[in-house]
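As a basis for the values below, the full set of heavy atoms in this structure was taken, side chains included, without hydrogen atoms, waters or symmetry mates.
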Amino acid sequence: MTTVRNPINNTTVIDLLPTIQKLTPAYGAVANSGLFKEQGVKTNFAMFKIEEAVNTPMTKLTSRTERDAVKVGRGKSKDVTLSGSTLKITGGVHVEDLQNVLTTWNIETDKSLQQALAERTEDLYNSWSHSYEYMLTTASQGRMRDPKDGAVAIDMFANTGTAQTAITIDITPAATNVRSQLNAIRNQLNVLNQGYGAVREIEFVVANNVFDAIVAHPEFQEAYIFALQGRGQEALRNPILNGTANVLTWSQYGWVNEFRFENIVFKTYPQEFTRMDGTTTKAIEDGKGWTIVRGVTDNYNVHFAPAPYFSKLGGVGEKLYARSTGIVDDTHLDITMESHLTPFMKRPEMALDLTFTL
């Protein structure tokens, strides 16, 4: 199989990243939320140390002149090593796509070829971002899954020797302790965090039927009525009382619901994921949810390893490699996108498995 190299420069490939940087991906509710810290590394392994962050004890008063300082010890630690995963997709612009349109294979001068290459690049980028979003969404639950079939690819509970906490929350209309259940979960997350930063905001990513039951619960309505007695205009603007709490809001990635109670935010996920065989899967099943905790230190991470090419040896990995090597078999211009990544939570126990009784 013959390959005609890049018609602009026979010694290089066409870098498609400048084109991608102008595109808005179709998926990215988690990936583009700032939750995961993205970092390029030099190895295809993610390695880190887990230290038990015990509460630092108080010490006694010491002498100003004597050398009687009190030694404060550190918690136990253990090393964790994870192997990376690879996303690699290919496509291209075929001669059939440009018959009766293309006048030359010179990408610098032929606008039709430039447009066709840009459109096909966008198609592949949307496919890549679809898979990337799925991987990060599942990684935020403690177990990163394969976009093909949902099989667990990285189980951080097994890798760190921790167990996931499963909690059942009663939100039936007759339940009179919903807010106390939420307070208990908030306190539990503070304990599980072990001092790794301050828990600022807790997201409860829940199914649509869970969200509807939460905002319609009498306990929340009663609380807001008492809080706003005598303040009519504020009551009218309150989403629980004016009936707009479960009204969908358009976001960049689809329609979502969101309701805040103190530092707890109930929200739905805006999209479904489509596998290669055409089947779809939800980010969260009916009656279920999980927690995402913001403000904690260095918990959500994704490392990018270098691509396995001579030109990338010894370098730091990039989030995405997108390129074309030129015209193949005088029939098509190929496109390849790939990413060598390891998404993971250092403390997966912060992802609580929530089941709601409706």
Open item on the list: Suppose we call two aromatic rings close when their centres sit under 6.0 Å apart. Are Phe261 and Phe220 close by that rule?
Closed with: yes
Task: Pi-cation contact, Tyr300 with Arg294 (under 6.0 Å, within 45°) - done: no
TODO: Check whether NZ of the Lys or CZ of the Arg Arg347 lies under 6.0 Å from the centre of the six-membered ring of Tyr196 and within 45 degrees of that ring's axis.
DONE: yes
- [ ] For the pair Asp149 and Arg145, evaluate salt bridge (Lys or Arg N to Asp or Glu O under 4.0 Å) and give the outcome as yes or no after the intermediate values.
- [x] CA-CA 8 Å; Asp149 56 9; Arg145 297 179 180 271; over 6 Å; no
[atom1]-[atom2] distance between [X] and [Y], expressed to the nearest 0.5 angstrom:
X	Y	atom1	atom2	value
Tyr134	Leu87	OH	CG	12.5 Å
Leu352	Thr165	CG	OG1	6.0 Å
His340	Thr43	NE2	OG1	13.0 Å

- [ ] Could you tell me whether Leu313 atom CG has more than 12 heavy atoms of other residues or ligands within 6.0 Å of it?
- [x] yes
Task: hydrophobic_cluster_shared for Leu23 and Ile89, side chain cutoff 4.5 Å - done: yes
Checking side-chain polar atoms at under 3.5 Å, does [X] have a donor or acceptor matched by the opposite partner on [Y]?
X	Y	answer
Ser339	Lys319	no
Trp255	Thr268	no
Arg186	Asn263	yes

Open item on the list: Are the side chains of Tyr269 and Val30 in contact, using a 4.5 Å heavy-atom criterion?
Closed with: yes
Open item on the list: Please determine whether a side-chain nitrogen of the Lys or Arg among Asp15 and Arg323 lies less than 4.0 Å from a carboxylate oxygen of the Asp or Glu.
Closed with: no
Task: Pairing of Lys288 and Asp353 as salt bridge, 4.0 angstrom limit - done: yes
